[in-house]
Amino acid sequence: MDKQDKWGIIFCPRSGQRRPGKLWRKIEKCLQNEGISYDHVQSETSGSVDRLVKMMINNGYRTLIIAGGDSALNDAVNSLMQVESDVRNEIALGVIPNGLNNDFAHFWEISDKDIEKTIQTLKQRRIKRLDLGYILYNNAEGQRCRRYFNNSLTIGLVTSVINLRRHAKLMGGLKMVSYFFSSLRIIAQRLEYKMHLHINTDEISGKVMTVCIGNATGYGFTPNAVPYNGFLDVSVVHHPKMTQLAEGLYLLFSGKILNHRDVMPFRTQKVTVKTCGKAPIGIDGRLMKQPKGEFTVGIEKEVINFIIP
């Protein structure tokens, strides 16, 4: 069979996964039951997805499936964005959720509990052209860099909370309870950062608790964002009073965070971050090294073919 008709699957065991082989056997059984022709490789490290994607593209695969989470999917789209557009336009990207965070898959209601249904959905190969957000920045060596994201770029407190959630899931069990209370403690510390942002015609300068720039739901902070309208949604969160924290958490988990009085929502195609202090920055749930100086967050329209339900 021509490799253009075969799936190229990259299996990415999540950190701390006790029996990755058991999960792969389950995926393999579903693939065989559906009569799908495929080849697969397993990523050795978090940095190997980029290399494996390029290898599969160079070997002629035109359906690439990432069995992994948000970080692995982020690596995959960044690898795809490095190939010529005429090649990229022939490639369809899909996901079988298998990560500590699977928020982009969940946006499409792709379950990490029902592998059989997910594979049946992928087999239908219903493709949608998606936007990608990006950050354009200088690294510590002064080199100009561009990094893409599917879901969101976060600055400040929300980055710390997402990172804490990753560690809690990694440890499992009652640690998720610990995560919840640790999140409350972080929020109660009322961390804030001196930021200067330019969004549309607005200049925001002063102390800000967190900023979420979402191409999709942004872990609940940009609930109305969709990765196919050519815009980014931005939530700038100022410091709520202690009495408003419970309200804020309720609105966050119920998808109504934009109703909170201390949240400023925007819809834009470009955000210029002139300064953000030493606020941690996350991209699709993964911490990134601090950019040097001013940086820009923007959007590229309809650049990835993604298989959706």
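The first residue in the sequence is number 1, and the count goes up from there. These numbers come from a predicted model, not from an experiment.
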Exercise. Do side-chain atoms of Arg88 reach the backbone of Val303 as a donor and acceptor pair under 3.5 angstrom?
Worked result: yes
For this session: Would you give the length of the straight line joining atom CZ of Arg267 to atom CD1 of Ile199, rounded to the nearest 0.5 angstrom?
Result: 13.5 Å
Exercise. Does the side-chain contact (heavy atoms from CB on, under 4.5 Å) test come out yes or no for Val208 and Val236, once each step is laid out?
Worked result: CA-CA 7 Å; Val208 174; Val236 179; 3.8 Å; yes
Exercise. Does a side-chain heavy-atom distance below 4.5 Å link Thr63 with Lys6?
Worked result: no
For this session: Go through Lys54 and Gln82 one step at a time and tell me if the side-chain contact (heavy atoms from CB on, under 4.5 Å) criterion holds.
Result: CA-CA 9 Å; Lys54 290 175 181 175; Gln82 294 177 42; 2.9 Å; yes
Exercise. Should we say atom NZ of Lys274 is surrounded by more than 12 heavy atoms from elsewhere, each under 6.0 Å from it?
Worked result: yes
Exercise. Can Arg144 and Asn138 be said to form a side-chain contact (heavy atoms from CB on, under 4.5 Å), step by step?
Worked result: CA-CA 5 Å; Arg144 199 65 170 159; Asn138 290 332; 3.0 Å; yes
For this session: Look at the side chain of Arg147 and the backbone N and O of Ile135, then say whether any donor-acceptor pair between them is shorter than 3.5 Å.
Result: no
Problem set entry | Donor-acceptor pair, side chain of Asp233 and main chain of Pro223, under 3.5 angstrom | no
Problem set entry | Glu84 CD: over 12 foreign heavy atoms closer than 6.0 Å | no
Exercise. For the side chain to side chain contact (heavy atoms under 4.5 Å, CB included) test, which of Asn150, Val95, Ile127 pairs with Phe306?
Worked result: Val95
Problem set entry | Closest contact, heavy atoms only, Ala105 versus Pro97 | CB-CG, 3.6 Å
Exercise. Within a strict 4.5 Å, meaning less than it, do heavy atoms of the Val273 and Val271 side chains meet?
Worked result: yes
Problem set entry | CD-OG1 distance between Glu192 and Thr210, expressed to the nearest 0.5 angstrom | 12.5 Å
Exercise. What closest approach, in Å, do Ser43 and Leu52 show between heavy atoms, and which atom pair accounts for it?
Worked result: CA-CD1, 3.7 Å
Seminar exercise, completed: Separation between NE2 (His196) and OG (Ser205), nearest 0.5 Å, reads 5.0 Å
Problem set entry | Under 3.5 Å: donor-acceptor pair, side chain of Tyr219, backbone of Ser152 | no
For this session: Report yes if the side chains of Trp108 and Pro309 come closer than 4.5 Å at any heavy-atom pair, otherwise no.
Result: yes
Exercise. Would Asp70 and Asn74 satisfy side-chain hydrogen bond (donor to acceptor under 3.5 Å, both in side chains), going step by step from the backbone distance to the final call?
Worked result: CA-CA 6 Å; Asp70 285 346; Asn74 179 274; over 6 Å; no
Problem set entry | Ile10 CD1 to Ile66 CD1 distance, which is reported to the nearest 0.5 Å | 4.0 Å
For this session: State, without any angle test, whether Arg125 and Asn305 hold a side-chain donor-acceptor pair at a distance under 3.5 Å.
Result: no
Problem set entry | Sidechain-backbone polar pair: Asn229 side chain, Phe231 backbone, donor-acceptor under 3.5 Å | yes
For this session: Taking the side chain as every heavy atom from C-beta outward, state whether Ile9 and Leu31 have any atom pair closer than 4.5 Å.
Result: yes
Exercise. Using the ring of each side chain (for Trp, its six-membered ring), is His40 parallel, tilted or perpendicular to Tyr38, with breaks at 30° and 60°?
Worked result: tilted
Exercise. Do Glu300 and Met81 touch side chain to side chain, with heavy atoms closer than 4.5 Å?
Worked result: yes
For this session: Determine the minimum heavy-atom distance between Val49 and Ala72, stating which atoms define it.
Result: CG1-O, 3.7 Å
Problem set entry | Heavy-atom check, side chain of Lys270 versus side chain of Thr296, under 4.5 Å | yes
Problem set entry | CZ-OG1 distance between Phe266 and Thr201, expressed to the nearest 0.5 angstrom | 8.5 Å
Exercise. What do you reckon, is CZ of Arg126 surrounded by more than 12 foreign heavy atoms closer than 6.0 Å?
Worked result: no
Exercise. Any salt bridge between Arg51 and Glu44, counting N to O under 4.0 Å?
Worked result: yes
Exercise. If you take all heavy atoms of Leu287 and Pro280, which pair is closest and at what distance?
Worked result: CD2-CB, 4.1 Å
Exercise. Do the side chain of Asn102 and the main chain of Gly99 share a donor and acceptor less than 3.5 angstrom apart?
Worked result: yes
Exercise. Is there a donor-acceptor pair closer than 3.5 Å between any side-chain N or O of Thr154 and the backbone N or O of Gly218?
Worked result: no
Exercise. Would a 4.5 Å heavy-atom cut-off, applied to side chains only, mark Met55 and Val41 as touching?
Worked result: yes
Exercise. What pair of heavy atoms forms the shortest contact from Ile155 to Ala279, and how long is it?
Worked result: CG2-CB, 3.8 Å
Exercise. Is the backbone N or O of Ser71 less than 3.5 Å from a side-chain atom of Asp284, with the two atoms forming a donor-acceptor pair by type?
Worked result: no
Seminar exercise, completed: Result for side chain to side chain contact (heavy atoms under 4.5 Å, CB included) between Leu197 and one of Asp202, Ile213, Val234, Val211 points to Val211
For this session: Answer yes or no: is there a donor N or O on one side and an acceptor on the other, between the side chain of Glu302 and the main chain of Gly230, under 3.5 Å?
Result: no
Exercise. Do Asn215 and Phe149 touch side chain to side chain, with heavy atoms closer than 4.5 Å?
Worked result: yes
Exercise. Between Gly94 and Leu122, what is the shortest heavy-atom contact and its length?
Worked result: CA-CD2, 3.9 Å
Problem set entry | CA sep, side-chain torsions, deciding dist, call: Arg62, Ile57, side-chain contact (heavy atoms from CB on, under 4.5 Å) | CA-CA 7 Å; Arg62 291 299 178 260; Ile57 292 172; 4.2 Å; yes
Seminar exercise, completed: When rounded to the nearest 0.5 Å, the distance separating CD1 of Ile283 from CG of Asn78 is 6.5 Å
Exercise. Sub-3.5 Å donor-acceptor pair from the side chain of Thr222 to the main-chain atoms of Thr217, do we have one?
Worked result: yes
